[in-house]
Amino acid sequence: MHHRLSTRRALVYVVLAALAWGTGGPTGALLSQYAGLTPLSTSFWRLAAAVVWLAVARLAVRRAPLRPVLVASPLRPVLSGLGLAACQLGYFTAIPRVGVGIATVIALGAAPIFITIVARERLTPALFAALAGLVLLSATSGTADLTGIAAAVMSAAGYSLTTLLNRNTPDPLTTALLGFTAGALFLAPFAVLPTSLVGWLLIAYFGLIPTAFAYTLFYLGLRTLKASTASVIALLEPVVATAIAATMFHEHLTLTALTGAAIVLTAATAHSRHQ
């Protein structure tokens with residue numbers, strides 16, 4: 001039986017995961033600029049690099065062989081990898097069709113609702129407040145393209161699937177490694193090589209911090225927290241990404257976006273207090 005984390009530590013882990021995820025979008029933008037990678041190729045390298053980092057981590061901590069884990073639950077890593085691939089593929093398919101704002105609202109906003117319903121947990125006012133804040137944070141003109149909307153919903157479903165599958169996993173490090181391996185294999189047909197050394201360095205970072213580190217912490221947090229609580233706290237990700245975009249890329253933040261960010265932060269805090 002694995003050790004159960006305290007609620008406070010689990011909350012810290014999920015917050016750290018969300019903060020790390022928030023650096024992923026800006027890293028992807030830099031990869032497009034300096035390495036000539038498409039979003040889907042970036043998604044492949046993100047997962048593939050994470051596999052390398054996690055394999056090294058398992059060797060360092062001398063974990064047991066992978067075979068018993070695969071024998072005990074052979075479908076979990078395949079389905080988790082499918083969820084990860086669908087999350088990436090759906091999101092990046094939606095962006096050119098409906099815009100970043102609408103894609104973000106649907107992909108990140110629908111996931112907590114899916115997770116709460118499937119896990120048979122309660123839909124709280126804090127959850128709906130967080131979704132309202134996300135809408136304001138990602139406010140955009142966008143377009144109502146049905147294919148784009150369906151792709152964003154697919155992204156939300158993929159994220160929900162991997163979250164629900166990996167609740168209470170006994171070995172988050174191994175769970176993440178196997179899921180990322182399967183996800184990378186699903187995305188391999190979209191892969192192209194980076195065109196610069198800077199690109200490889202960015203891939204190394206992408207695989208380590210926003211992926212291997214973040215997902216392992218997230219899965220650790222799911223040992224203790226309700227899946228719906230973890231998914232709402234994870235909505236801190238776009239807040240962090242927006243802050244980085246404003247400071248590093250000099251993107252203009254509107255009053256509406258700032259209001260949305262404040263609502264998300266408040267709602268996530270309120271939701272965590274009821275855990």
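Keep in mind that what you see is a predicted model, and the values were worked out from it rather than measured. These numbers come from the heavy atoms of this one structure, side chains and all, not from hydrogens, waters or symmetry mates.
Taken to the nearest 0.5 Å, the CG atom of Leu84 stands 9.5 Å off from the CG atom of Leu165. In this structure, the separation between CD1 on Ile203 and CG on Leu208 is 13.5 Å, given to the nearest 0.5 Å. Atoms CZ and CZ, on Arg223 and Arg9 in that order, are 11.5 Å from each other to the nearest 0.5 Å. The CG atom of Leu178 sits 9.5 Å away from the CG atom of Leu173 when rounded to the nearest 0.5 Å. Between the OG atom in Ser6 and the CG atom in Leu11 there is a gap of 8.5 Å [rounded to 0.5 Å]. Rounding to the nearest 0.5 Å places OG1 of Thr224 at 10.0 Å from OH of Tyr13.
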- Message: As a quick check of understanding, evaluate side-chain hydrogen bond (donor to acceptor under 3.5 Å, both in side chains) for Tyr219 and Thr162, giving each step before the final call.
- Response: CA-CA 10 Å; Tyr219 293 160; Thr162 189; 3.0 Å; yes
- Query: Does the pair Trp45 and Thr42 meet the rule for a side-chain contact (heavy atoms from CB on, under 4.5 Å), with working shown?
  - Reply: CA-CA 5 Å; Trp45 285 112; Thr42 296; 6.0 Å; no
- Message: Run the side-chain contact (heavy atoms from CB on, under 4.5 Å) test on Thr163 and Phe218 for me, step by step, so that the C-alpha distance in whole Å, both residues' side-chain angles and the decisive distance to 0.1 Å come before the verdict.
- Response: CA-CA 9 Å; Thr163 299; Phe218 187 66; 3.7 Å; yes
- Query: Please walk me through it: do Leu89 and Phe190 pass side-chain contact (heavy atoms from CB on, under 4.5 Å)?
  - Reply: CA-CA 10 Å; Leu89 181 62; Phe190 302 101; 4.1 Å; yes
- Arg46 and Leu187: CA distance, side-chain angles, deciding distance, side-chain contact (heavy atoms from CB on, under 4.5 Å) verdict: CA-CA 10 Å; Arg46 173 185 189 175; Leu187 291 171; over 6 Å; no
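Of all heavy-atom pairs between Ala212 and Ala50, the closest is N-CB, 4.0 Å. Here the shortest heavy-atom pairing between Ala48 and Ala184 reads N-CB, 4.1 Å. Closest heavy-atom contact between Val264 and Ala130: CG2-O, 3.6 Å. Between Ile106 and Ala152, the shortest heavy-atom contact is CG2-CB, 3.5 Å. Ala126 and Ala270 get closest at one heavy-atom pair: CB-CB, 4.4 Å. Pairing each heavy atom of Ile263 with each of Ala129, the nearest pair is CG2-O, 3.2 Å.
Note on Ile115 and Met154: same hydrophobic cluster, where clusters join Ile, Leu, Val, Met, Phe, Trp and Tyr whose side-chain heavy atoms are under 4.5 Å apart, directly or indirectly. When hydrophobic clusters are built by joining Ile, Leu, Val, Met, Phe, Trp and Tyr residues whose side-chain heavy atoms come closer than 4.5 Å, directly or via intermediates, Ile117 is grouped together with Leu127. Hydrophobic clustering of Ile, Leu, Val, Met, Phe, Trp and Tyr side chains at less than 4.5 Å, counting indirect connections, unites Leu193 with Val51. Note on Leu47: it does not cluster hydrophobically with Phe186, by side-chain heavy-atom contacts below 4.5 Å among ILVMFWY residues. Hydrophobic clustering of Ile, Leu, Val, Met, Phe, Trp and Tyr side chains at less than 4.5 Å, counting indirect connections, keeps Leu161 apart from Leu177.
For the pair Leu220 and Leu217, the minimum side-chain heavy-atom distance is below 4.5 Å. Inter-residue side-chain proximity for Thr229 and Val14 is flagged as unmet; no heavy-atom pair is nearer than 4.5 Å. Using a 4.5 Å heavy-atom cutoff, the side chains of Ile209 and Thr27 are not in contact. Considering only heavy atoms from C-beta on, Leu108 comes within 4.5 Å of Pro238 through its side chain. With a 4.5 Å cut-off on side-chain heavy atoms, Leu82 and Val78 do not count as touching.
Formation of a donor-acceptor pair under 3.5 Å by the Ser41 side chain with backbone atoms of Ala191 is not found in this model. Within the 3.5 Å criterion, the main-chain N or O of Leu236 finds no donor-acceptor partner in the side chain of Trp21. Side chain of Thr116 to main chain of Leu123: no donor-acceptor pair is present (N/O by atom type, distance under 3.5 Å, no hydrogens or angles). One N or O on the side chain of Thr266 and one on the backbone of Ala262 form a donor-acceptor pair closer than 3.5 Å. At distances below 3.5 Å, not a single donor-acceptor pair connects side-chain atoms of Arg97 with backbone N or O atoms of Ile149. A donor-acceptor contact shorter than 3.5 Å links the side chain of Glu121 to the backbone of Ser228.
Residues Tyr91 and Tyr159 keep their aromatic ring centres 6.0 Å or farther apart.
For Thr256, the side-chain contact (heavy atoms from CB on, under 4.5 Å) criterion is met by Leu136, Ala139, Thr254, not counting sequence neighbours.
For Thr23 and Tyr205, the side-chain atoms include at least one donor-acceptor pair closer than 3.5 Å.
When each of Thr216, Asn166, Thr169 is tested with Thr175 by the rule side chain to side chain donor-acceptor pair (under 3.5 Å), just one qualifies, namely Thr169.
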